[in-house]
There are 2 protein chains.
Amino acid sequence: MKAATKPNAYAANCPTRQILDRVGDKWAVLILLLVRDEPMRFNALRRAIEGISQKMLSQVLKSLERDGLIRRRVIATVPVTVEYSITPLGATLSTAVDALRDWAESNLKEVLSAQRRYDAQRNSMAA
Amino acid sequence: MKAATKPNAYAANCPTRQILDRVGDKWAVLILLLVRDEPMRFNALRRAIEGISQKMLSQVLKSLERDGLIRRRVIATVPVTVEYSITPLGATLSTAVDALRDWAESNLKEVLSAQRRYDAQRNSMAA
DNA sequence: CTGCATCCCCTCAGATACTG
DNA sequence: CAGTATCTGAGGGGATGCAG
């Protein structure tokens, strides 16, 4: 069809966008950062991440495993134990995510004040 | 209630999560990277980003402006011209986003092959 | 303990039509 | 050109109950 010499991130079909979407997932990034520090069990993750439902957790874990970012290891105990850990691939991604989180923590105040300024502006308009 | 000494990104109320969510937005990042290269007009953005609706574009532009990441400049021509450009704050964020996009482009193949492996595994199970 | 299946709500985003 | 307003469907995600 078209011989794109380099990926166009703005095209709908661009696979890079798939990755970006995954990173944008509400929970995926949090899970990634948690299991990077140490392998974690299902319910440990559930407790660690405030507000996540069991359905979402299991769903996101599955897709992260599918993408090769985390590893699922079943230990045949009674009852069964399942441990999630990060893969080398996932570790490289988490580095990029770190940069993002750092930015967020560093610039949070500035963003919040920009929001206040914007809202104040709008309110004075309305009045 | 609790005297958190440092922000807990896993807590529901953590404002850092707000930022992460914004970055995870399907369109926001694309817009940010586009206007960073050069100031762009509304319809130029619309054309550049395949698949975005005019409603979403206007909505995302507004929230990016609210966050202080882009700047909206109205030029009093007939008909009116509106130009969107990146702010210094937005530029620093876009740097972190670059790292992410680079990761995506570098590791896309590996992710896709991990997905294929995972799916093959599941199919053989089913059979 | 670690999940899957179901129900169900409610938001998000696309389509369409209209305005300054 | 640069938006806003309204309607509507699709689906993301929570709650609950059951299973290996």
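Quantities reported herein were computed from a predicted structural model and do not represent experimental measurements. In what follows, chains carry the letters A, B, and so on, assigned in the order in which the sequence lines appear, proteins first and then strands, with residues in each chain numbered from 1.
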Let me confirm one number: the CD1-CG distance from Ile49(B) to Leu34(B), rounded to the nearest 0.5 Å.
5.0 Å
Asn43(A) CG to dG3(C) P, straight-line distance once rounded to whole Å
9 Å
Axis bend over the full length of the helix from dC1(C)-dG20(D) to dG20(C)-dC1(D), computed from five pairs that close each end, to 10 degrees
50°
Sequence-distant partners of Ala28(A), side-chain contact (heavy atoms from CB on, under 4.5 Å), two or more places apart:
Asp25(A), Val60(A), Leu64(A)
Less than 4.0 angstrom between a side-chain N/O of Ser58(A) and OP1 or OP2 of dC4(C), yes or no?
yes
Tell me: OH of Tyr84(A) to P of dC1(C), nearest whole Å?
14 Å
side-chain hydrogen bond (donor to acceptor under 3.5 Å, both in side chains) with Asn107(B): which residues, sequence neighbours excluded?
Trp103(B)
For Ile31(B) and dA2(D), what is the distance between atoms CD1 and C1' respectively, to the nearest whole Å?
14 Å
Just jot down the side-chain hydrogen bond (donor to acceptor under 3.5 Å, both in side chains) partners of Asp119(A), sequence neighbours excluded, or say none.
Arg66(B)
Arg41(B) vs dA2(D): side-chain N/O to OP1/OP2 distance below 4.0 Å:
yes
Sorted by chain and residue number, the side-chain contact (heavy atoms from CB on, under 4.5 Å) partners of Lys26(B) (sequence neighbours excluded) come out as Asp21(A)
Distance check needed: dG3(C) C1' versus Phe42(A) CZ, whole Å only.
6 Å
Suppose we screen for side-chain hydrogen bond (donor to acceptor under 3.5 Å, both in side chains). Which residues come up paired with Arg47(B), at least two apart in sequence or across chains?
none
Who pairs with Arg22(A) by salt bridge (charged side-chain N to carboxylate O under 4.0 Å, His left out), at least two apart in sequence or on another chain?
Asp67(A)
All pairs passing side chain to side chain donor-acceptor pair (under 3.5 Å) where residues 79-88 of chain A contributes a residue, at least two apart
Arg72(A)-Tyr84(A), Arg73(A)-Glu83(A), Thr77(A)-Thr81(A)
Within this structure, what is the CD-to-C1' distance between Glu83(B) and dC1(D), rounded to whole angstrom?
14 Å
Numerically ordered, the residues 60-75 of chain A set in heavy-atom contact under 4.0 Å with DNA chain C is Lys62(A), Arg72(A)
Just to verify, what does Thr95(A) make a side-chain hydrogen bond (donor to acceptor under 3.5 Å, both in side chains) with, not counting sequence neighbours?
none
Contact letters for nucleotides 6-20 of chain C, in which S counts primed atoms plus P, OP1 and OP2 and B counts the base, heavy atoms under 4.0 Å
B------BBB----B
Quick one: which residue pairs count as a salt bridge (Lys or Arg N to Asp or Glu O under 4.0 Å) with a foot in residues 86-95 of chain A, not counting sequence neighbours?
none
Flag the pair Arg116(A) / Leu112(A) as yes when at least one side-chain heavy-atom distance between them is below 4.5 Å, and no otherwise.
yes
